[in-house]
Peer 1: 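Let me give you the structure first, and then I'll get to my questions.
Note that this is a predicted model, so its numbers are computed, not measured.
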Amino acid sequence: QVQLLESGGGLVQTGGSLRLSCVASGRTSNKYATAWFRQGPGREREFVSAITWNGANKYYADSVKGRFTISRDDAKDVVYLQMNSLKPEDTAVYYCTTGLQTLDWYSYYRRRDPYDYWGQGTQVTVSS
């Protein structure tokens with residue numbers, strides 16, 4: 001059973017930084033892509049960033065491009081989301097998710113469909 005545990009959320013002022021971590025356990029293959037989604041108050045869950053199983057390709061939502069950086073440490077089975085220049089509109093629960101990376105993944109990575117496992121989420125609050 002694959003499990004994901006997010007950490008690193010908290011309260012930060014506008015312009016501040018946070019680094020989220022997603023630790024995976026139970027995966028029997030290394031061919032898992034991982035993504036971050038977020039859900040703000042009264043909003044739909046939306047794509048934030050994704051990274052391929054080997055870290056070769058990284059993708060970002062336009063709203064976070066240039067401010068957020070996704071990375072992975074396969075030795076620790078951890079995926080990070082470094083968030084800089086945070087804005088109040090970044091306030092949300094951030095979810096880590098993972099799924100086997102098939103050829104279709106490249107077409108659908110912004111959607112929830114390709115991902116089989118989700119963490120419980122970590123709250124990020126940016127004060128103005």
Side-chain angles (χ1 to χ4, degrees):
Q1 180 71 11
V2 176
Q3 293 186 323
L4 301 174
L5 181 62
E6 304 102 329
S7 63
L11 173 64
V12 65
Q13 292 185 332
T14 296
S17 297
L18 285 173
R19 188 177 78 159
L20 305 184
S21 299
C22 173
V23 179
S25 61
R27 295 194 291 199
T28 57
S29 167
N30 65 341
K31 300 297 194 293
Y32 278 83
T34 301
W36 289 93
F37 284 69
R38 67 185 181 186
Q39 187 165 12
R43 302 183 65 174
E44 296 287 321
R45 194 171 297 190
E46 63 177 2
F47 170 80
V48 176
S49 182
I51 188 167
T52 53
W53 71 271
N54 59 0
N57 299 97
K58 304 174 183 179
Y59 303 93
Y60 300 94
D62 289 342
S63 58
V64 306
K65 202 171 293 183
R67 299 187 298 122
F68 291 10
T69 302
I70 192 170
S71 62
R72 62 190 303 151
D73 182 340
D74 290 330
K76 300 179 181 179
D77 214 354
V78 180
V79 171
Y80 301 102
L81 185 67
Q82 177 67 44
M83 306 186 297
N84 299 328
S85 303
L86 283 162
K87 306 175 181 180
E89 51 264 44
D90 294 318
T91 294
V93 177
Y94 283 71
Y95 297 92
C96 175
T97 182
T98 193
L100 283 171
Q101 185 176 320
T102 65
L103 289 176
D104 286 345
W105 183 85
Y106 287 95
S107 299
Y108 302 113
Y109 65 85
R110 291 175 181 267
R111 294 169 46 168
R112 297 170 65 174
D113 305 39
Y115 305 104
D116 301 307
Y117 306 98
W118 292 79
Q120 292 300 306
T122 184
Q123 176 71 47
V124 172
T125 303
V126 185
S127 63
S128 56

Peer 1: Got a sec: does the OH of Tyr108 have more than 12 other heavy atoms crowding it under 6.0 Å?
Peer 2: no

Peer 1: Can a donor-acceptor pair be found, under 3.5 Å and without considering hydrogens, that links the side chain of Arg67 to the backbone of Ser85?
Peer 2: yes

Peer 1: Over all heavy atoms of both residues, which pair between Thr122 and Gly9 is shortest? Give the atoms and the distance, please.
Peer 2: OG1-N, 3.2 Å

Peer 1: Linking I/L/V/M/F/W/Y whenever any side-chain heavy atoms sit under 4.5 Å apart, do Tyr95 and Phe68 land together?
Peer 2: no

Peer 1: If we only count heavy atoms from C-beta on, is the Thr14 to Pro88 side-chain gap below 4.5 Å?
Peer 2: yes

Peer 1: Can Arg112 be said to sit on top of Phe37's aromatic six-ring, NZ or CZ under 6.0 Å from centre and within 45° of the ring axis?
Peer 2: no

Peer 1: Aromatic rings Tyr117 and Tyr32: how do their planes relate, parallel, tilted or perpendicular, breaks at 30° and 60°?
Peer 2: tilted

Peer 1: Can a donor-acceptor pair be found, under 3.5 Å and without considering hydrogens, that links the side chain of Arg111 to the backbone of Ser107?
Peer 2: no

Peer 1: Would you say the side chain of Thr52 lies within less than 4.5 Å of the side chain of Tyr109, judging by non-hydrogen atoms?
Peer 2: no

Peer 1: Within a reach of under 6.0 Å around CD of Gln120, are more than 12 heavy atoms found that belong to other residues, nucleotides or ligands?
Peer 2: no

Peer 1: Taking C-beta and beyond as the side chain, do Val64 and Arg38 meet within less than 4.5 Å on heavy atoms?
Peer 2: yes

Peer 1: To the nearest 0.5 Å, what is the distance between CH2 on Trp53 and OG1 on Thr34?
Peer 2: 12.5 Å

Peer 1: Are more than 12 heavy atoms from other residues, nucleotides or ligands located less than 6.0 Å from atom NZ of Lys76?
Peer 2: no

Peer 1: Measure the CZ-CG distance between Arg27 and Leu100 for me, rounded to the nearest 0.5 Å.
Peer 2: 9.5 Å

Peer 1: Would you say Val12 and Met83 are hydrophobically clustered, going by side-chain heavy atoms of ILVMFWY under 4.5 Å?
Peer 2: yes

Peer 1: Hey, is Lys87 close enough to Asp90 for a salt bridge, meaning N to O under 4.0 Å?
Peer 2: no

Peer 1: Out of curiosity, Asn54 CG to Lys31 NZ, how far, rounded to the nearest 0.5 Å?
Peer 2: 8.5 Å

Peer 1: Hydrophobic cluster membership, with links at side-chain heavy-atom distances under 4.5 Å among I/L/V/M/F/W/Y: are Val48 and Leu86 in one?
Peer 2: yes

Peer 1: Are there more than 12 heavy atoms of other residues, nucleotides or ligands under 6.0 Å from atom CD of Glu89?
Peer 2: yes

Peer 1: Indicate if Leu5 and Leu81 have the same hydrophobic cluster label, given that clusters are the connected sets of ILVMFWY residues with side-chain heavy-atom separations under 4.5 angstrom.
Peer 2: no

Peer 1: As an exercise, state the distance from CD of Gln39 to CD of Glu44, rounded to the nearest 0.5 Å.
Peer 2: 7.0 Å

Peer 1: With the side chain counted from C-beta on, respond yes when Glu6 and Tyr94 share a heavy-atom pair under 4.5 Å apart, and no when they do not.
Peer 2: no

Peer 1: If you round to the nearest 0.5 Å, how far is CD of Gln82 from CG of Leu18?
Peer 2: 8.5 Å

Peer 1: In this structure, which one of Leu11, Leu20, Thr91, Val93 forms a side chain to side chain contact (heavy atoms under 4.5 Å, CB included) with Val124?
Peer 2: Leu20

Peer 1: Which distance, rounded to the nearest 0.5 Å, do you find between the CD1 of Ile70 and the OH of Tyr80?
Peer 2: 12.5 Å

Peer 1: Are Val2 and Thr98 packed together at the side-chain level, in the sense that at least one heavy-atom pair is separated by less than 4.5 angstrom?
Peer 2: yes

Peer 1: Distance only, no hydrogens: is a donor on one side chain within 3.5 Å (strictly under) of an acceptor on the other, for Trp36 and Tyr60?
Peer 2: no

Peer 1: Report yes if the side chains of Asn30 and Asp74 come closer than 4.5 Å at any heavy-atom pair, otherwise no.
Peer 2: no

Peer 1: Evaluate side chain to side chain contact (heavy atoms under 4.5 Å, CB included) for Ser49 paired with Lys58, printing each intermediate quantity in order.
Peer 2: CA-CA 7 Å; Ser49 182; Lys58 304 174 183 179; 5.7 Å; no

